[in-house]
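Excluded from the calculations below are hydrogen atoms, water molecules and symmetry mates; all remaining heavy atoms, backbone and side chain alike, are included. The shown structure was predicted, so the numbers you read here are calculated from the model rather than taken from an experiment. First listed ligand is number 1; within each ligand, the first listed atom is number 1.
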Amino acid sequence: MEKWPRRPRLVAGNWKMHGTPGEGASLAGQLASMLQPGRRAEIALCPPFTSLAHVAARIERTGIHLGAQNLHAEPKGAYTGEIAGSMLASLGCRFVIVGHSERRHGMGETDADVAKKLHAAQRHGLTPIVCVGETLAEREAGQMAEVLVRQVRGAYDGLEPGAARATVVAYEPVWAIGTGKVATVDQASEAHAIVRETLGRVTSRGLGADVAILYGGSVKADNAAELFASNEIDGALVGGASLEASSFWRIIVAAEGGA
Ligand code: PGA
């Protein structure tokens with residue numbers, strides 16, 4: 001795997017269950033044509049499995065990374081409907097999202113499952129984007145920090161520092177995902193600082209200074225610049241606004257320090 005920079009600025013589009021392979025290829029092609037030379041942010045597109053190959057063909061040699069939305073922890077076997085990390089790597093994936101809240105809360109994924117997937121991703125040379133975040137009920141009960149510590153600990157416990165360094169975290173408060181209710185910069189910064197501190201405690205001191213922590217949850221073209229102005233926020237995991245080339249592009253421009 002090519003060397004991964006320290007705390008890279010990264011904007012990743014999570015397309016979720018949207019688009020045919022043709023639509024995905026067209027969106028990727030539009031983004032590729034908008035690329036400016038001398039970009040300062042890393043860009044990743046995470047289409048549905050069925051569109052990976054088509055999107056890969058459109059972003060070849062553009063510097064845009066390919067990512068998947070999930071993987072199975074086992075390398076192969078009788079797991080009907082599942083996809084292994086080696087399959088994703090062979091299609092050119094660089095990233096894979098693990099522990100997205102829609103999988104934790106919708107498909108019953110546990111912290112232990114997330115840890116296994118993190119390990120599996122790394123075995124296949126994929127950089128995991130590890131999602132953590134509290135529900136509204138947990139926030140209102142004053143449990144935000146406790147949930148984040150538990151989720152980070154669950155995913156990273158026992159991981160050696162080199163491996164932990166080759167990961168990305170996405171703080172995605174569940175109440176902000178797909179709701180149009182973005183966290184305030186203060187709320188996101190506070191949560192990111194907790195994640196950073198926990199990474200340092202669970203794996204090795206100072207690790208939090210090396211790992212990029214993205215914010216996710218209703219990031220849009222018109223709120224991105226404000227979020228990226230925080231030193232705690234290294235980029236974004238974008239759902240809805242990544243489905244349209246111009247809105248995703250404006251988020252990338254904001255991440256690069258443009259307006
Ligand atoms: P959203 O999704 O930007 O549509 O809120 C973010 C995510 O779920 O990763």
Novice: How many angstroms lie between CD in E109 and CD in E102, if you round to the nearest 0.5 Å?
Specialist: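 Rounded to the nearest 0.5 Å, the CD-CD separation comes out at 11.5 Å.
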Novice: Using a threshold of 4.0 angstrom between heavy atoms of the protein and any atom of ligand 1, which residues qualify?
Specialist: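 N14, K16, H100, E172, A176, I177, G178, G217, S218, L237, V238, G239, G240.
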Novice: Does this structure show an ion pair linking D111 with R104, if we count only N-O contacts that are shorter than 4.0 Å?
Specialist: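 Between R104 and D111 there is a salt bridge, with a charged N closer than 4.0 Å to a carboxylate O.
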Novice: Under 6.0 Å from the NZ atom of K16, do we count more than 12 heavy atoms belonging to anything else shown?
Specialist: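 Correct, the count exceeds 12.
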Novice: Relative to each other, are the rings of Y215 and Y171 parallel, tilted or perpendicular (30° and 60° limits)?
Specialist: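 Aromatic pair Y215/Y171 classed tilted.
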Novice: For residues L148 and V202: do they belong to one hydrophobic cluster (side chain heavy atoms under 4.5 Å, members Ile, Leu, Val, Met, Phe, Trp, Tyr)?
Specialist: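 In one cluster with L148: V202, yes.
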Novice: Hydrophobic clusters here meaning ILVMFWY residues chained together by side-chain heavy-atom distances under 4.5 Å, can you tell me if W175 and V132 are in one?
Specialist: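 Looking at the clustering, V132 is in a separate group from W175.
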